[in-house]
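Heads up: the structure comes next, in structure tokens.
To find a chain, count down the sequence lines: A is the first, B the second, and so on, and within it residues start at 1.
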Amino acid sequence: MRGWFLPMAVVLGFVFLYAPIVSLVVFSFNESRLVTVWGGFSTRWYGELLRDRQILGSAWISLQVAFASATIATVIGTLGAFVLVRMGRFAGRLLLTGMITAPLVMPEVITGLSLLLLFISMELTLGWPAGRGLTTIIIAHTTFCAAFVAVIAQSRLRSMDESLEEAARDLGAGPVRVFFDITLPVITPALVSGWLLAFTLSLDDLVIASFVSGPGASTLPMVIFSKVRLGVSPDVNALATIIIGFVLVAVAIAGWLMRKQMSKGL
Amino acid sequence: MSAGGNALTRSAPWRGTAWAMGKLGISGRMLVIAIPMLWLLVFFLAPFFVLGRISLAEAIIARPPYTPLFERGPDGTLTIIASLENYRFLLTDALYRNAYLSSIRIALVSTIFALLIGYPIAYYIARAPEPKRSILLLMVILPFWTSFLLRVYAWMGFLRNNGVINNTLISLGIIDSPIQMMQTDFAVYIGIVYTYLPFMILPLYANLTKLDGALLEAAGDLGASPVVTFFTVTLPLSLPGIVAGCMLVFIPAIGEYVIPALLGGPNTLMIGRVLWDEFFSSRDWPVAAAVAIVMLVLVVAPIMWLQSVQNRRGDG
């Protein structure tokens with residue numbers, strides 16, 4: 001695999017990855033409504049986007065859902081990982097192992113449909129949750145996001161030096177104190193990346209949210225999907241460009257922080 | 001680890017809680033286990049029982065739109081009404097059989113293309129010197145952090161009849177009339193490969209960086225050409241990475257809904273899409289539930305079995 005073949009395959013691969021994104025950004029500044037025919041530079045679609053109440057409202061719903069479900073998922077995922085890695089044998093251990101990783105391979109349509117049917121049965125028998133909306137989306141997102149957090153937290157707990165916790169125990173700290181004073185500070189960076197992953201996954205989800213949401217609680221992906229289904233529309237390009245901009249800035253900040261931390265460590 | 005240690009009993013509110021828990025026979029340990037356990041039992045496992053139960057019902061026009069499982073007779077006896085009619089329907093109706101088969105075919109073809117495109121990239125990154133390596137790796141992951149839906153949307157603008165590709169080819173004089181690419185299986189392959197390429201590259205990269213360079217040198221010293229070395233040393237050693245990458249692409253591709261809905265044509269049958277339409281368009285909840293159960297048995301069960309086998313091997 002030496003010579004011209006490999007570099008060319010790599011260049012073509014990256015062109016494949018980035019060409020659609022670049023064209024998305026370029027055509028968001030297009031004057032013409034025909035997304036792919038250039039009609040001159042303009043920022044008019046950004047203006048239309050800012051006046052679009054439906055998009056702004058759904059973006060706010062998506063952010064609320066993502067914040068809440070990432071936070072609850074981090075708590076549940078961390079507890080699950082801690083129980084599996086540190087608590088030895090207990091009844092139902094195998095069940096918990098299966099349940100915490102299975103959402104990773106579960107097709108979204110199945111998760112969405114089965115949760116919706118559960119919510120409806122619960123409403124009929126228990127009276128809760130009354131109707132579907134923010135709460136049901138948050139519960140659904142928490143469940144699949146917790147699986148991702150648990151995977152990250154488990155690998156961090158496994159690689160962590162257990163003698164620190166042992167030392168604290170030998171010095172008389174109880175299990176709660178050991179967890180909050182020793183374990184938690186050590187695994188916090190892993191939990192932060194778990195939270196960020198959960199936040200992104202929740203923001204991105206269309207299928208599960210479509211099943212479990214009700215009238216008046218459309219998330220951003222749901223609104224984009226219904227727009228895009230009818231064909232390409234330039235304000236979606238503008239929205240995509242804004243999201244890509246956010247991601248680039250976030251990655252730049254994360255990279256800068258990591259570099260700073262690395263140089264401090266050296 | 002015993003519950004109710006120093007920190008638990010030191011402060012007053014804790015002492016109260018610990019005392020109450022002790023009275024009820026609940027230890028702190030049980031409580032910690034119970035939180036994730038209960039959440040997953042209620043919101044992950046229980047839904048499948050509801051799904052299974054509704055798949056045995058019949059669709060009716062009512063709220064909820066399916067028949068009850070139990071019926072109380074006039075003398076107070078409970079009768080169970082369950083029918084396998086929905087499953088019989090799935091097995092005899094060609095639409096569903098074709099949908100399952102074509103999902104597997106589309107996922108398989110896309111996985112192979114993702115491997116062919118992803119392997120050279122992973123190999124190149126694994127061999128690259130340091131600052132370049134991190135930058136290339138970041139460039140592979142970066143698209144993954146932007147919205148999945150918008151990445152699929154980007155291809156709509158690319159593949160349309162008056163999209164970027166057709167316009168470019170026409171203005172270069174290579175073709176006279178646009179090639180139909182949107183609403184074909186080809187567009188679905190592109191969408192899946194594009195979306196899941198990072199999932200193929202990352203496990204391959206992780207595997208290829210561990211490859212011992214001395215082995216490649218030894219093969220070269222013994223007179224093997226680079227091509228022979230690649231096929232006899234590198235490729236077999238990277239097999240675990242290939243398997244992991246292929247699984248990570250194949251599994252989500254099978255149940256995919258968004259990509260066939262946006263890029264595929266009316267003839268692109270995929271099981272995720274059939275389930276969605278059955279539920280949202282036909283409003284036949286029992287049949288949708290049965291489709292999901294069959295999908296679970298055919299697709300997810302083998303994967304979970306494979307994973308548990310791998311886990312056991314990893315532990316042993």
For [X], is it the side chain, the backbone, both, or neither that has a heavy atom closer than 4.5 Å to a heavy atom of chain B?
| X | answer |
| --- | --- |
| A:Ala146 | neither |
| A:Leu79 | both |
| A:Ile100 | both |
| A:Leu104 | neither |
| A:Val228 | both |
| A:Val251 | side chain |
| A:Leu12 | neither |
| A:Val10 | both |

Heavy-atom pairs under 4.5 Å with chain A are the metric here; pick the option from [options] that has the most.
| options | result |
| --- | --- |
| B:Ile141, B:Leu142, B:Thr234 | B:Leu142 |
| B:Ile54, B:Val193, B:Leu150, B:Val42 | B:Leu150 |
| B:Ile254, B:Ile117, B:Ile35, B:Leu41 | B:Leu41 |

Heavy-atom cut-off 4.5 Å, strictly under: side chain, backbone, both or neither for [X] against chain A?
| X | value |
| --- | --- |
| B:Ile121 | both |
| B:Val152 | neither |
| B:Tyr194 | both |
| B:Phe279 | side chain |
| B:Ile251 | side chain |
| B:Ile190 | both |
| B:Ile201 | neither |

Kindly give the heavy-atom pair with the smallest separation between [X] and [Y], and that separation in Å.
| X | Y | result |
| --- | --- | --- |
| B:Thr146 | A:Asp204 | O-OD2, 4.3 Å |
| B:Val164 | A:Ser23 | CG2-OG, 4.2 Å |
| B:Trp145 | A:Leu196 | CZ3-O, 4.3 Å |
| A:Ala91 | B:Met37 | O-CE, 4.1 Å |
| A:Arg89 | B:Arg29 | O-NH2, 3.0 Å |
| B:Tyr153 | A:Ser233 | OH-O, 2.9 Å |

Give, for atom [atom1] of [X] and atom [atom2] of [Y], the distance between the pair rounded to the nearest 0.5 Å.
| X | Y | atom1 | atom2 | value |
| --- | --- | --- | --- | --- |
| B:Trp285 | A:Leu117 | CH2 | CG | 6.5 Å |
| A:Leu24 | B:Met156 | CG | CE | 11.5 Å |
| A:Leu96 | B:Ile33 | CG | CD1 | 8.5 Å |
| A:Met106 | B:Leu296 | CE | CG | 5.0 Å |
| A:Leu239 | B:Ser147 | CG | OG | 8.0 Å |
| B:Phe144 | A:Thr200 | CZ | OG1 | 7.5 Å |

Item to complete: Not counting sequence neighbours, list each pair that qualifies as a side-chain hydrogen bond (donor to acceptor under 3.5 Å, both in side chains) and has a residue in residues 108-122 of chain A.
Response: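 Of all non-adjacent pairs touching residues 108-122 of chain A, none passes side-chain hydrogen bond (donor to acceptor under 3.5 Å, both in side chains).
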Are side-chain heavy atoms of [X] and [Y] found at a separation under 4.5 Å?
| X | Y | value |
| --- | --- | --- |
| A:Leu95 | B:Leu45 | yes |
| B:Leu197 | A:Phe16 | yes |
| A:Ile110 | B:Phe48 | yes |

Which one, [options], leads in non-hydrogen pairs under 4.5 Å with chain B?
| options | answer |
| --- | --- |
| A:Asp181, A:Leu201, A:Leu84, A:Val236 | A:Val236 |
| A:Leu220, A:Val11, A:Ile244, A:Val207 | A:Val207 |
| A:Leu115, A:Ile243, A:Val75, A:Asp205 | A:Leu115 |
| A:Ala240, A:Ala9, A:Ala147 | A:Ala240 |
| A:Gly98, A:Pro103, A:Ala250 | A:Pro103 |

Worksheet item: With no hydrogens and no angle check, is any side-chain donor or acceptor of A:Arg229 less than 3.5 Å from a backbone partner on B:Ala261?
Response: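 Not at all, since once roles are kept as given, no pair shorter than 3.5 Å links the two residues.
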Item to complete: For the pair A:Tyr18 (side chain) and B:Met139 (backbone), establish whether a donor and an acceptor sit closer than 3.5 Å, ignoring hydrogens and angles.
Response: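 Answer holds: yes.
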Discussion item. Counting only heavy atoms from other residues, nucleotides and ligands, does the tally under 6.0 Å from CZ of A:Phe14 exceed 12?
Written reply: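 Correct, the count exceeds 12.
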Fill in: Other residues, nucleotides, ligands: >12 heavy atoms within 6.0 Å of A:Leu230 CG
yes
Worksheet entry | Geometric class of the A:Phe211/B:Phe280 ring pair [parallel <30°, tilted 30-60°, perpendicular >60°] | tilted
Worksheet item: Which residues from residues 135-145 of chain A are near chain B, with near meaning under 4.5 Å between non-hydrogen atoms?
Response: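 Contacts with chain B: A:Ile139, A:Thr142, A:Thr143.
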